[in-house]
Amino acid sequence: MSEELRKTPLHALHVGLGAKMVPFAGYDMPVQYPTGILKEHLHTRAAAGLFDVSHMGQVAVRAKSGEVADAARALEALVPVDLVGLAEGRQRYGFFTDEGGGILDDLMVANRGDHLLVVVNAACKADDLAHLEAGLEGCEVEPLERGLVALQGPRAAEALGGLHPDVGTMRFMDVREIDFAGVRAVVSRSGYTGEDGFEISLPEEHTVDFAERLLGAEGVLPVGLGARDSLRLEAGLCLYGSDIDRTTTPVEAALEWAIQPARRAGGARAGGFPGAEVILGQIASGAARRRVGLLPEGRAPMRGGTELFADEEGAEVGVVTSGGFGPSLDRPVAMGYVAIDRAAPGTRLFGRLRGKMLPVTVAKLPLVQPGHKRA
Amino acid sequence: MLRFTEEHEWLKQDGEEVIVGITEHAAEQLGDLVFVELPEEGVTVVKGEEVVTIESVKAASDIAAPLDGQITEVNPAIVENPALVNEDPMENGWFFKMTLADPADLDGLMDEEAYRAYIA
């Protein structure tokens with residue numbers, strides 16, 4: 001633990017804005033600004049929040065043949081997603097799986113025309129790099145030292161559009177290289193809040209200036225990791241290490257939507273990824289447990305680790321994997337795993353909190369309606 | 001005269017009772033509170049016993065009884081609106097009132113000057 005914390009290109013900016021800094025995945029990161037987590041969360045849903053996500057891993061994967069399709073084919077050996085069918089300028093969610101069907105990390109893959117851009121979790125990036133280098137045939141794997149900021153919320157398009165009008169024509173999960181007056185950025189219309197928004201990858205040396213320009217736009221406030229967590233929780237998005245890990249399969253995690261027909265039984269490139277037998281078997285016949293949304297009935301948040309029971313007498317049926325207070329819903333919110341026969345929305349369970357059995361209801365994810373721009 | 005504990009509680013003498021809350025410093029460190037669970041009125045408590053559960057957007061924490069005594073009254077307003085603790089920790093955001101087993105115990109706690117030095 002004596003290892004020195006790493007700093008993103010925006011570190012001094014955060015400190016200058018009065019952020020409370022905390023260690024996160026080996027980086028010194030802002031958990032909140034003087035605005036506070038509740039208001040930062042609500043502001044993101046009402047206007048726009050700027051997040052520093054430069055700690056995340058950005059990796060370029062290039063086929064030695066020069067053909068992006070070859071890189072896609074190679075990466076399909078590690079990721080159960082249709083990457084060959086991913087069009088240029090589009091991005092998909094996916095995950096690395098292991099031989100048992102567990103999840104090694106979740107990620108975004110973009111087709112950048114001549115290469116794939118893979119974005120992975122900060123805490124996993126060293127392992128992911130080694131995994132890519134060992135598992136990709138005929139490819140070069142290049143970790144990118146670039147800044148990454150996310151602009152999220154209903155006014156994000158207006159704010160980023162003020163710097164370049166082209167972003168307005170992008171749809172959800174589009175990826176485009178955009179020249180912001182000499183700063184060449186890779187912009188995707190995506191994020192981790194359930195809101196419309198963008199993630200902008202740019203050269204480290206331009207990150208501060210770019211962030212300051214966005215913070216100067218009307219409606220934009222800096223938002224820390226605290227609100228990032230409550231925003232993604234309400235949006236039903238998994239946090240690696242809490243909601244998904246090597247002990248959870250994509251089917252248990254309710255992420256089978258990310259496995260397109262081409263990779264499923266009967267598909268053009270069925271299987272061919274680690275753990276395919278387990279995962280495709282679970283797609284066919286189901287898994288014994290499933291990740292669900294949870295709404296505790298009272299005001300007490302149920303955090304990760306809270307055990308769930310079928311009744312007050314206590315047959316254990318699951319566990320909360322992340323939970324807290326949902327500012328937009330003004331109530332506690334959570335997600336977790338429950339036995340498949342308890343996974344239907346509306347099922348009433350009990351969470352054991354400080355020795356008391358408190359009622360909690362299974363709810364459909366996401367808990368808030370997403371604001372993505374799909375058309 | 002205000003007294004303070006190392007756990008960042010303040011105590012204020014109010015006739016036979018003392019009013020107990022958390023300091024502005026503590027409220028700021030905890031962040032936005034979203035849940036408060038208070039003890040039952042009338043219970044006897046010992047110093048260090050966890051009597052209040054609070055949750056901020058970040059985490060759960062416990063507030064301990066600052067001294068031996070009996071809880072005489074709790075503040076329902078902060079259960080209804082936990083944000084009141086952040087907005088006004090030293091006045092309207094009080095937690096509970098108690099009578100002390102030994103009123104002289106109060107003198108063993110920090111005064112305002114000592115507390116300021118403690119958190120500096």
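Throughout, a chain's letter reflects where its sequence line sits, starting with A, and its residues are numbered from 1.
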Quick check on the interface: out of [options], who has the most heavy-atom pairs with chain B under 4.5 Å?
options	value
A:Asp330, A:Asp229, A:Ile37, A:Val31	A:Ile37
A:Gly36, A:Gly226, A:Ala300, A:Gly324	A:Ala300
A:Arg299, A:Lys20, A:Arg354	A:Arg354

Near B:Glu24 CD, under 6.0 Å, is it more than 12 heavy atoms from other residues, nucleotides or ligands? no
Is there side-chain contact between B:Val57 and A:Ser230, with at least one heavy-atom pair below 4.5 Å? no
Chain A contact residues among residues 77-116 of chain B, heavy-atom distance under 4.5 Å: none
Atom group of B:Glu28 that falls short of 4.5 Å from chain A, counting heavy atoms: backbone
What part of B:Ser56 lies closer than 4.5 angstrom to a heavy atom of chain A: side chain, backbone, both or neither? backbone
Let's test your reading of the structure: which of B:Ala60, B:Gly31, B:Ala59 forms the most heavy-atom pairs below 4.5 Å with chain A? B:Ala59
Given side chain to side chain contact (heavy atoms under 4.5 Å, CB included), test B:Lys58 with A:Gln32 step by step and report yes or no. CA-CA 10 Å; B:Lys58 283 178 285 189; A:Gln32 65 169 87; 3.5 Å; yes
Please classify the contact between A:Arg303 and chain B as side chain, backbone, both or neither, with a heavy-atom cut-off of under 4.5 Å. side chain
